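Just passing along the structure, written as structure tokens.
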Amino acid sequence: MFRNQYDTDVTTWSPAGRLFQVEYAMEAVKQGSAAIGLRSKTHVVLACVNKANSELSSHQKKIFKVDNHIGVAIAGLTADGRVLSRYMRSECINYNYTYESPLPVGRLVVQLADKAQVCTQRSWKRPYGVGLLVAGLDESGAHLYYNCPSGNYFEYQAFAIGSRSQAAKTYLERRFGNFMGSTREDLIKDALIATRESLQGEKLRSSVCTIAVVGVGEPFHILDQETVQQLIDTFEIVKEEEPPAEEAVPATEQDAPTDQASGADQGAAAGDQGASPMET
């Protein structure tokens with residue numbers, strides 16, 4: 001069952017300097033359904049894949065509103081994600097009550113990372129088996145952070161976590177140079193396309209994905225399914241309006257008689273060359 005004798009306790013180091021229980025928690029994030037985030041100068045968009053345990057059950061909620069200016073998308077153990085999102089919501093309320101101003105996104109992310117790190121240093125606790133993409137807007141602009149079960153946190157221009165997220169990462173890496181100047185609609189479009197990449201062949205529908213947006217003059221909110229489906233249909237129409245590859249076929253057909261004519265000319269030339277010695 002165990003990899004070795006050094007993974008029975010979160011506080012036990014292996015000779016290689018590794019904490020296997022923390023790595024197992026990070027593996028739980030990789031097994032969760034995909035979550036995607038990307039930001040521009042004014043907006044941040046979160047997207048996640050809705051995955052149900054069976055055909056008879058509904059999917060679990062993967063995107064949570066923390067405050068009017070902050071929201072999170074999770075991948076991994078949903079129960080751990082709910083607990084951490086409730087903690088973040090409490091911190092925002094307390095800060096707003098004390099200072100009468102919204103909690104800066106970076107400060108909340110640091111507090112969340114500190115809370116996760118404590119669980120890697122106590123033998124009677126376990127690491128949180130969930131990764132969080134924190135989207136927020138404050139006085140310094142739009143932000144997108146990733147909080148890891150190990151207690152590390154990173155700020156990203158765009159990122160994807162969860163199962164089958166590598167395809168989404170590849171798409172985001174090709175496109176991230178344009179994100180800073182993107183509009184709200186362009187960000188949502190890229191988020192939907194990245195989500196489709198992570199589905200790996202499954203058709204993208206509003207029932208299998210959730211989209212949330214926060215930006216300047218727009219508090220954090222989750223788009224309803226009808227709006228998401230309209231956006232998906234619009235982007236598919238745009239894709240169909242692109243010039244099809246079949247337009248090159250008539251050119252090939254036009255070239256075919258030319259090739260045949262040139263072949264006939266070559267054959268006639270060869271016949272003339274073959275006949276000239278006979279005539280001589």
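Everything quoted here is computed from the prediction, not taken from an experiment.
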### Query
Do I36 and V208 sit in the same hydrophobic cluster, where Ile, Leu, Val, Met, Phe, Trp and Tyr count as joined when their side-chain heavy atoms come under 4.5 Å apart?
yes
### Query
How would you list, by chain and number, every residue that makes a ring pair (Phe, Tyr, Trp, His ring centres under 6.0 Å) with Y99, sequence neighbours excluded?
Y95
### Query
In this structure, which one of D114, L112, L108 forms a side-chain contact (heavy atoms from CB on, under 4.5 Å) with V110?
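Among D114, L112, L108, the one that satisfies the side-chain contact (heavy atoms from CB on, under 4.5 Å) with V110 is D114.
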### Query
Does a sphere of radius 6.0 Å around NZ in K65 hold more than 12 heavy atoms from other residues, nucleotides or ligands, not counting ones at 6.0 Å or beyond?
yes
### Task
Please report the closest heavy-atom contact between A212 and I63, naming both atoms and the distance.
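Minimum heavy-atom contact is CB-CG2, 3.9 Å.
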#### Entry: Which atom of G76 lies closest to which atom of K62, heavy atoms considered
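Scanning both residues completely, I find the closest heavy atoms to be O-NZ, 3.7 Å.
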### Task
Please lay out, stage by stage, how M88 and I93 fare under the test side-chain contact (heavy atoms from CB on, under 4.5 Å).
CA-CA 9 Å; M88 297 170 68; I93 293 174; over 6 Å; no
### Query
If you measure from the Lys or Arg side-chain nitrogens to the Asp or Glu carboxylate oxygens, is any gap between R184 and E218 under 4.0 Å?
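Salt bridge between R184 and E218, a charged N being under 4.0 Å from a carboxylate O: yes.
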### Message
Tell me the closest heavy-atom pair linking I70 and L103, and the distance in Å.
### Response
CD1-O, 4.0 Å
### Query
Below 4.0 angstrom, N of the basic side chain to O of the carboxylate: do D7 and R18 qualify?
no
### Query
Should Y128 and Y87 be counted in the same cluster of Ile, Leu, Val, Met, Phe, Trp and Tyr side chains packed under 4.5 Å apart?
yes
### Minimum heavy-atom distance N50-S206, with the two atoms named
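Shortest heavy-atom separation between N50 and S206 comes out as ND2-O, 4.5 Å.
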### Task
Go through the steps for C119 and V10 under the test side-chain contact (heavy atoms from CB on, under 4.5 Å), then give the verdict.
CA-CA 8 Å; C119 295; V10 70; over 6 Å; no
### Cluster check V45, L172: I/L/V/M/F/W/Y, side chain < 4.5 angstrom
yes
### Task
Could you pull out the closest heavy-atom pair between L38 and A191, with the gap in Å?
CD2-CB, 3.6 Å
### Query
Looking just at side-chain N and O atoms, do Q230 and E226 make a donor-acceptor pair shorter than 3.5 Å?
no
### Message
Distance check, rounded to the nearest 0.5 Å: T11 atom OG1 versus L19 atom CG?
### Response
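The distance works out to 8.0 Å.
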### Task
List the atom of S33, the atom of V49, and the distance in Å for their closest heavy-atom pair.
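Heavy-atom minimum between the residues: OG-O, 3.3 Å.
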### Query
How long is the span from the SG atom in C92 to the CZ atom in R107, to the nearest 0.5 Å?
11.5 Å
### Message
Would you compute the distance between atom CD1 of I193 and atom CZ of F235 and round it to the nearest 0.5 angstrom?
### Response
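These two atoms lie 7.5 Å from each other.
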### Message
Can a side-chain donor-acceptor contact be found between D233 and Q229 if the only test is distance below 3.5 angstrom?
### Response
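Yes.
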### Query
Between Q31 and S163, is any side-chain donor less than 3.5 angstrom from a side-chain acceptor?
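No, S163 and Q31 have no side-chain donor paired with an acceptor closer than 3.5 Å.
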### Message
For R126 and D80: C-alpha separation, side-chain torsions, deciding distance, then whether salt bridge (charged side-chain N to carboxylate O under 4.0 Å, His left out) applies.
### Response
CA-CA 11 Å; R126 67 162 177 82; D80 288 0; 3.0 Å; yes
Solution key, residues 131-158 side-chain donor-acceptor pairs under 3.5 Å, sequence neighbours excluded:
from: D138; atom 1: OD1; to: S140; atom 2: N; distance (Å): 3.0
from: D138; atom 1: OD1; to: S140; atom 2: OG; distance (Å): 2.7
from: D138; atom 1: OD1; to: G141; atom 2: N; distance (Å): 3.4
from: D138; atom 1: OD1; to: H143; atom 2: NE2; distance (Å): 3.1
from: D138; atom 1: OD2; to: V105; atom 2: N; distance (Å): 3.2
from: S140; atom 1: OG; to: H143; atom 2: NE2; distance (Å): 2.7
from: H143; atom 1: ND1; to: E155; atom 2: OE2; distance (Å): 2.8
from: H143; atom 1: NE2; to: G141; atom 2: O; distance (Å): 3.4
from: N147; atom 1: ND2; to: V109; atom 2: O; distance (Å): 3.4
from: S150; atom 1: OG; to: N152; atom 2: ND2; distance (Å): 3.3
from: Q157; atom 1: NE2; to: R39; atom 2: O; distance (Å): 2.7

